[in-house]
Amino acid sequence: MDAFLFSRKIKEVVTMYNHRKIEKKWQEYWLKNKTFKTLDDDSKPKYYVLDMFPYPSGQGLHVGHPEGYTATDIVARMKRMQGYDVLHPMGWDAFGLPAEQYAIKTNNHPGIFTTQNINTFRKQIQSLGLSYDWDRELSTADPNYYKITQYIFTLLYKKGLAEVREVDVNWCEELGTVLANEEIVNENGRMVSEVGGFPVVKRPMKQWVLKITEYADELLEGLEEIDWPLGIKDMQRNWIGKSIGASINFPVKDHDLTIEVFTTRADTLFGATYVVLAPEHPFVEQITTPDCKAQVDEYRNQSKAKTDLERTELNKEKTGVFTGAYAYHPITKELLPIWIADYVLISYGTGAVMAVPAHDQRDYEFAKKHNLPIKQVVEGDISKQAFVDDGIHINSDFLNGLNNQDAINKVIEYLEAHNLGKKTIKYKLRDWVFSRQRYWGEPFPVIHWEDGTITILDKSELPLELPELSDYKPSKSIEGPLSKAKDWLEVTRADGVKGRRETNTMPQWAGSCWYYIGYILNKGNGEFLDLESEEAQKRLEKWLPVDLYIGGSEHAVGHLLYSRFWHKVLYDYGLVKCKEPFKRLFNQGMILGENNEKMSKSRGNVINPDDIVFSHGADSLRLYEMFMGPLEATKPWSTTGLDGARRFLERVWRLYVNEDHTLSAKIVDQDNKDLEKVYHQTVKKVTEDYETLNFNTAIAQMMIFINEAYKS
RNA sequence: GCCAGCGUGGCGGAAUUGGUAGACGCAGUGGACUCAAAAUCCACCGGACCAUAAAUCCAUGCGGGUUCGAGUCCCGCCGCUGGCACCA
C-alpha cells in the first residue's frame, strides 16, 4: 500500500521521530485518563466548540473531515490552556438512507451496519489524536437520544407547528416504494427511479408538515445578531425570500369567485392586461368554459407529468392556454382574459398573478408569444423587453406623474380604502415536509384512531422504539415499511376504539436539529437528562450558545436553518435562554485531489486519511491540512506539501533530541537574548491568528521561529 | 438571469488598518558532508537589462480613476468557483 504514498523515504527517520510509537502512546493515555473531559467547573469561563457531526457512511473518513476537526481541536486546546472550561464533543448523525438500502439488500437490521460504521469512524477519529470528551458521544439512532427528538416533536405539535397535510410524494409503482428526490433521475423529461429506471409519478399522501414559515421573520431577524459568514447569511435570507407587496382582488365574470393575486409592483396595476393562474389553481376547474375544457385539461395533465427539473429548465418557452373566462380589473372594470400557465407557481404567493407585460419580463415574453395586449404605464423603452426600472407613471389615472415607490404606496392606500386589496408580505420559504416513507428514522409518537382523531404520546411513553421487521424490503403500498410491523402498528384504546401508529418516520434532519443540546444533556452513562429538569436547565444556561461551530457550507440552508427554527421554538417554551444556537459559524473549504479535481473513486484521486496517519502520522496530516491555505478556501492536495509538513516536525524534533535519543545541548534553561524578539513576535502572531482561525500563517510564524532557533 | 466570493511567481499561498509585493512551504539550482547516494545543513530562487553585481525599469486578470503612495479604495470589462433559479 505505501509504495506510491511515499514520495520521500521516511523509513530510516522513523527510528528518530517515530510517529507511530508516539501517537499510539499518547492516544492511549488520553483515552484512559480522560484528559479532555469537560470539567463542568463553574469557576471557569465556558467555551463550547463544536464540529458538524458526520454521517457514519460505509466509506469511512475522508481527508475533508480532519480539516474542520483539526481547526476546532486547535481552538479547544488553546482555550483549555487559557483557563476555559471547554466542551468539545463528537457524535453521529446515524439515521439515513444508505443504512436502509443496506438493510434492504442484505436483510440485516440497519442498526448493525450503522454500529459497525460508527466503530470505524470512532477509531479513525481517535487515531487523529483529537481532544474530544468521549463521555459526551451520542448517536441520533440511540433510543435514549431519539426519545428527546420525539419529545421535541410533541412540543412542536402542542404549539400547532406540526400538522398533517396532503403533499405530493414520488411514487414508484414498480419498486413499490416512495422515493427521495436524490433517488430519481431525469430521463427524456420523465422521472424514473435511479435503481432500475422505472417510471415515477407524483402522488398525494398525508404527511406531517412543520410550519417553519411561522418563524420566517424571526429567522430573518436573528441573522443580525450572529457572527456567520456573509455568504451563508445571504443564502438564508434568499431562501426565506421575504417580499413586501400587495394582494389584489380580481372578481371573475359570471362566477361568485374572486382571484387574489400577489404582486410587488402594485403600481403597475393599470398596465395589467390579463390574469394567469397556476395550472393547479383550484379555480381552474370551475371557471373553464366548455369550449376550452379540452385544451385546459390537456395542458394541466402535461404539467403534472413534467419533472420539476423540466418545468424550470425549459423556461425560455412560455407555454399556457386560455380558460375562456374573464376577470374584472378591480379599478377600471375592464375585462381581462384568464389564462393558465406553468410559469406561475402554485406554491408561491397566491398561485395567481396579474400580468403586466410592459413591466415584467416573464409576462412580456408570454404576451408576445400568445399575442396578448401590452399596455405601458411607466415611461421607458419597451420595444425589445419589459421596462422594469424606476420611472414616471403614465396611463395610470391617479398614479400619473409618480415614481414607482410613491405609486405603490398610493395605489395600496386606494385598494385598502375601497376593499380591493391590501398590503401583503410573502415568503419563498415553504413549510417543512417532515415525513419520510422509510424505516431507518425516528418513529412519530402518534396514534391515528379509527374515529379520525389523533393522539400524541405522552412524555412517559417515550421513546417509541422502532420495531424489528422480518424484512426491510419496500411495503408495496404507499405507506412506509413500518406498516408491515402488525404488532407494533395496531393499538386498541380502553374504550375499544382501534388505532394505528404513524407509519412514516422523521427525516434525517430531525436528529441533527438539537444535537448540540444533546451533548450538554449527555450524562455520560448512555442516558440523557430530562430537557425540563433543573439540572438540564442549569447546564443549558451555562453552555449555550455554541461559541464556535465549524463545518461545510453544504448545510447552509438545510441543517442550519432547521436547527435555528427548533431552537427558537425551544426558546419560546423557555427551555433555552438564548435566541440563537450558534454564535459564530465558520465554513471550511473543500480539499481537492492532487489534479485539482474533486476527489472521487472514479477519478482515482482519493486520499485516505488512514494511509497518511500510517505513513506520515496524524500530526503531519493535521499540520499539513492547516498549512495548506486559508481554512475556508478550496485547495488541492499535494503529497510533496505533506512531506514538507512532516519535515518541519522532524526539524522540531531534532532541535530537542540528539540522534542517540538524549536531550540536545541546545535546550537550556536560560533565556536566549537573540531569540527574544522573534519569540515575542511568534506569541503575538500565533495568538491572534488562532483567534481568527488563520492557522496557515500561524504555522508559518512557528516555522520562522524554529528557523531562528536553529541559527542561534 | 440573480446573489455571494475569488483572480498575486513554476505550484500552495503571505501582505490583518492604503505604506518595502511575493512571508512561510513545495518544486528547482548551487555548495558542504559522503567512496557514492539518501537524509541533513548553508545559500540562491518573479521578469527585463547584465559575464556578475549594483543601479534602473516592468510586474498582483484587463482598461480607466482617486491618492504623495493602490494587490488593497472607486467605475467599467473579462474569467473562475459556490449558491439560487419563472418566487410575480
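Worth saying up front: this structure is predicted, and the values here are computed from it rather than measured. Residue numbering restarts at 1 for every chain, and letters A, B, ... go by the order of the sequence lines.
Between N595(A) atom CG and rG12(B) atom P there is a gap of 14 Å when expressed in whole angstrom units. To the nearest angstrom, P of rU40(B) lies 13 Å from CG of L649(A). The separation between N238(A) atom CG and rC84(B) atom P is 10 Å, rounded to whole Å. As a whole-Å value, the separation of L592(A) CG from rG82(B) C1' is 12 Å. The separation between I232(A) atom CD1 and rA4(B) atom C1' is 10 Å, rounded to whole Å. In this entry the distance linking CG of N596(A) with P of rU81(B) reads 11 Å, nearest Å. Summarising the geometry, the separation between CE on M626(A) and P on rG13(B) is reported as 14 Å, rounded to the nearest angstrom. Atom CD of Q236(A) is separated from atom P of rG82(B) by 20 Å (rounded to the nearest Å).
Separating the P atom of rG46(B) from that of rA23(B) is a span of 8 Å, rounded to the nearest Å. Comparing the P positions of rC75(B) and rC3(B) gives an interatomic distance of 14 Å, to the nearest angstrom. Taking atom P in both rU52(B) and rA39(B), the straight-line distance is 30 Å, to the nearest Å. Nucleotides rG12(B) and rU81(B) place their P atoms 15 Å apart, quoted to the nearest Å. Spacing between rG47(B) and rG22(B) at atom P, rounded to whole Å, works out to 14 Å. The gap from the C1' atom of rC26(B) to that of rA14(B) amounts to 15 Å, rounded to the nearest Å. For the P atom pair drawn from rU34(B) and rC24(B), the interatomic distance equals 30 Å after rounding to whole Å. Taking atom P in both rC44(B) and rC50(B), one finds a spacing of 24 Å when rounded to whole Å.
Proximity note for K318(A) (side chain, C-beta onward) versus rA88(B), rC86(B), rC84(B): the nearest is rC86(B). Of the candidates rG13(B), rC86(B), rA88(B), rC86(B) carries the atom nearest the Y343(A) side chain, counting heavy atoms from C-beta on.
A salt bridge does not link E416(A) to K423(A): none of the charged side-chain nitrogens sits closer than 4.0 Å to a carboxylate oxygen. Look at K318(A) and D363(A) and you find no salt bridge, because none of the NZ, NE, NH1 or NH2 atoms lies under 4.0 Å from a carboxylate O.
Among residues two or more places apart in sequence or in another chain, the ring pair (Phe, Tyr, Trp, His ring centres under 6.0 Å) test is passed with Y562(A) by W432(A), W509(A).
For the pair Y348(A) and rA88(B), the criterion of a side-chain N or O lying under 4.0 Å from OP1 or OP2 is met. Regarding contacts with the backbone of rC41(B), a side-chain N or O of R654(A) is found under 4.0 angstrom from either OP1 or OP2.
Side-chain atoms of T682(A) and Q701(A) form a donor-acceptor pair, as typed in the model, at a separation below 3.5 Å. For H616(A) and D643(A), the side-chain atoms include at least one donor-acceptor pair closer than 3.5 Å. When only modelled atom types and interatomic distance are considered, Q405(A) and N409(A) share a side-chain donor-acceptor pair under 3.5 Å.
Contacts of P630(A) with the nucleic acid, taken as non-hydrogen atoms under 4.0 Å apart, involve only primed sugar atoms and P, OP1 or OP2.
Of the options K79(A), K685(A), K684(A), a salt bridge (charged side-chain N to carboxylate O under 4.0 Å, His left out) to E691(A) is made by K79(A) and by none of the others.
Aromatic ring centres of Y328(A) and F250(A) lie farther apart than the 6.0 Å criterion allows. Side-chain rings of F582(A) and F586(A) stay apart, their centers remaining 6.0 Å or farther from each other. Separation of the F366(A) and Y343(A) ring centroids falls under the 6.0 Å cut-off.
Looking only at distances, a side-chain donor or acceptor of Y624(A) sits under 3.5 Å from a matching main-chain atom of S638(A).
Nucleotides of RNA chain B nearest to K711(A) and G629(A) differ in position, and the one nearer the 5' end is that of G629(A).
For RNA chain B, the stems formed by at least three consecutive Watson-Crick or G-U pairs, with both atom-pair distances below 3.5 Å, span B:1-7 with B:78-84, B:10-12 with B:24-26, B:28-32 with B:40-44, B:46-48 with B:56-58, B:61-65 with B:73-77.
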Problem set entry | Contact pattern, 5' to 3', of nucleotides 16-31 of chain B - B, S or - by protein heavy atom under 4.0 Å | B------BBSSS----
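Regarding the sugar-base torsion, rG9(B) falls in the syn class, its angle being within 90° of 0.
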